[in-house]
There are 2 protein chains.
Amino acid sequence: MKKYISILKTTKLFAGVSEDEIGAMLSCLDARLHEYKKGEYVLRQGEHLNRITVVVTGELHVQRDDYWGNRAIVNRIGVGEMFGEAYIAPESGAILNDVVAVEDSTVICFDVRRIITVCSSACRFHSMVVQNLFFAVSEKNRTLVQKLGHISRRTTREKLISYLSEEAKRQNSPSFAIPFNRQQLADFLSVDRSAMSNELCKMRDEGLLTFEKNQFHLLSGGLV
Amino acid sequence: MKKYISILKTTKLFAGVSEDEIGAMLSCLDARLHEYKKGEYVLRQGEHLNRITVVVTGELHVQRDDYWGNRAIVNRIGVGEMFGEAYIAPESGAILNDVVAVEDSTVICFDVRRIITVCSSACRFHSMVVQNLFFAVSEKNRTLVQKLGHISRRTTREKLISYLSEEAKRQNSPSFAIPFNRQQLADFLSVDRSAMSNELCKMRDEGLLTFEKNQFHLLSGGLV
DNA sequence: TCTTTTCCGTTGTAAATACAACCGATTTAT
DNA sequence: ATAAATCGGTTGTATTTACAACGGAAAAGA
């Protein structure tokens, strides 16, 4: 556990908290370490959640498969990111999606309920963590709205443009890598992979962008 | 302002706070009342937000129109509900959507930043409000994920089924009213109105449900 | 009351999508 | 090193959707 404290320090959850202080909080947050192999389920739809989980190595996807096998990727959780913040409020209900390791992953989960509900002066940095949590949920909220903006577009091309331009803006460059392969991107945008692949190539042929694997480049005169 | 305190008391923001205490907090939260006519913009995409707004009469839509006139309704804010919670964190950026009054509406907005960032003991109920805010953002988060679940479905029918079943579950009855007319529902689900209308009638003819105006009834053997 | 506007179902057509199947290239596993 | 699996592009077809246009009914406004 100790060796991951430097990673924890970089997370939104522990922003503004020193490594020593994180170390001191671990027991009071009942921190537990778990490991998952690629493809393993961290959590399944319908389960109840009372812990926040931070990824320290690997990557998780929040996703859901419907009856017909269509997968929808709601979110990806990379190193230093977390999930479960939105479910620590009482009566949050069951989670709506599966959480799956898309690579071999290590996570640390925390029982943060006690520091939310009891007086925040129990530990000196509790109130800081509570505020961090609030900001983190807020940010995830804005991310979800942004994602809604992508998939509420009518056509595959519009969805791609919406997503890719935002990613370029976020990474502050017309050249950037995306954290998905083709199938995952299709699942993220809720479209068919082959249709999307087709559309991407059309866009490339029209001079809007170039790409190789997961590296994209938006061309001036095209999308930027 | 005073006359709306009874409504404020029912909101998620002031849960657990008495009317007297709300009254005392109004000035410290710099509460301001605003009125909007049906169709008026409360906020436009690109603006920056630093206040939380609670609806006390009427109804707002959080929505966005694209270049071609396609409208996407992200959320509706009814009486007692609020918006802006996710933007009080510093560096939240500009809001991504418009907020529009779909009926004549009255809102009260608050400057909650000070109670988030400064020590929460300034007022006795500040910490309660902070916690309420956190829970509210969490709940909105879960709602957004649920909405993502609807519109990530591939076909109009699946989107309708996803939305209507959830609404039945939420209202705890196979018979329920929805807060949208047809055009609004189509914008909410990001589909074409006429195509959706068509699909609804097909579903009715197939015996899955009945409806009249915004009143729906899911039939056993059909969707329930 | 009369007019105007909104609402919602209907239809036909063009466009876009999903789906399945295939294949070569690359990566991973044995 | 070889086999197996994954990945990504391509194509054709059936399905689904968007779009435009229309009209009757209901609601809103004058």
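Computed from a predicted structure; not experimentally measured. Proteins get letters first, then strands, A, B, ... in listed order; numbering begins at 1 in each.
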*asked:* Among A:R157, A:E158, A:K159, exactly one meets side chain to side chain contact (heavy atoms under 4.5 Å, CB included) together with A:I161. Which residue is that?
replied: A:R157
*Taking atom NZ of A:K3 and atom CG of A:L33, what is their separation to the nearest 0.5 Å?*
8.0 Å
*If every non-hydrogen atom of B:L60 is compared with every non-hydrogen atom of B:A101, which pair is closest and at what distance?*
CD2-CA, 3.7 Å
*Kindly give the heavy-atom pair with the smallest separation between A:S162 and A:R153, and that separation in Å.*
CB-CG, 4.2 Å
*Between which nucleotides of DNA chain C, read 5' to 3', does contact with chain B run, using atoms under 4.0 Å from its heavy atoms?*
C:dC7 to C:dA18
*For DNA chain D, what residues of residues 185-196 of chain A have any heavy atom nearer than 4.0 Å?*
A:R193, A:S194
*Can you name the nearest heavy-atom pair linking A:A31 to A:I108, along with the distance?*
CB-CG2, 4.0 Å
*Quick one, which residues of residues 147-156 of chain B touch DNA chain D with a heavy atom under 4.0 Å?*
B:T155, B:T156
*For A:N214, report the nucleic acid contact type (base, sugar-phosphate, nothing); a contact means any heavy atom under 4.0 Å.*
nothing
*Please find the earliest and latest nucleotides of DNA chain D, in the 5' to 3' direction, that have an atom within less than 4.0 Å of any heavy atom of chain B.*
D:dT16 to D:dA27
_For B:F188, does the six-membered ring have the charged nitrogen or CZ of B:K147 within the cation-pi criterion, i.e. under 6.0 angstrom from the centroid and within 45° of the normal?_
yes
*Decide side chain to side chain contact (heavy atoms under 4.5 Å, CB included) for B:K140 and A:N141; before the verdict, give the C-alpha distance in whole Å, the side-chain angles of both, and the deciding distance to 0.1 Å.*
CA-CA 8 Å; B:K140 197 156 284 189; A:N141 203 309; 3.8 Å; yes
*Looking at residues 175-182 of chain A, who's got a heavy atom less than 4.0 Å off DNA chain D?*
A:N181, A:R182
*After noting the C-alpha distance and the side-chain angles of A:D98 and A:L43, does the key distance pass the side chain to side chain contact (heavy atoms under 4.5 Å, CB included) rule?*
CA-CA 6 Å; A:D98 300 319; A:L43 219 61; over 6 Å; no
Distance-only donor-acceptor hits, side chain of residues 177-185 of chain B, under 3.5 Å, sequence neighbours excluded:
unit_1 : atom_1 : unit_2 : atom_2 : d
B:N181 : OD1    : B:Q183 : N      : 3.1
B:N181 : OD1    : B:Q184 : N      : 2.9
B:R182 : NH1    : B:K213 : O      : 3.0
B:R182 : NH2    : B:K213 : O      : 3.0
B:Q183 : NE2    : B:D187 : OD1    : 3.2
B:Q184 : OE1    : B:N181 : N      : 3.1

*Show your working on ring pair (Phe, Tyr, Trp, His ring centres under 6.0 Å) between B:F110 and B:F14 and close with a plain yes or no.*
CA-CA 12 Å; B:F110 305 95; B:F14 292 110; 5.5 Å; yes
*Compare every heavy atom of A:S152 with every heavy atom of B:A72, then report the nearest pair and how far apart it is.*
CB-OG, 3.9 Å
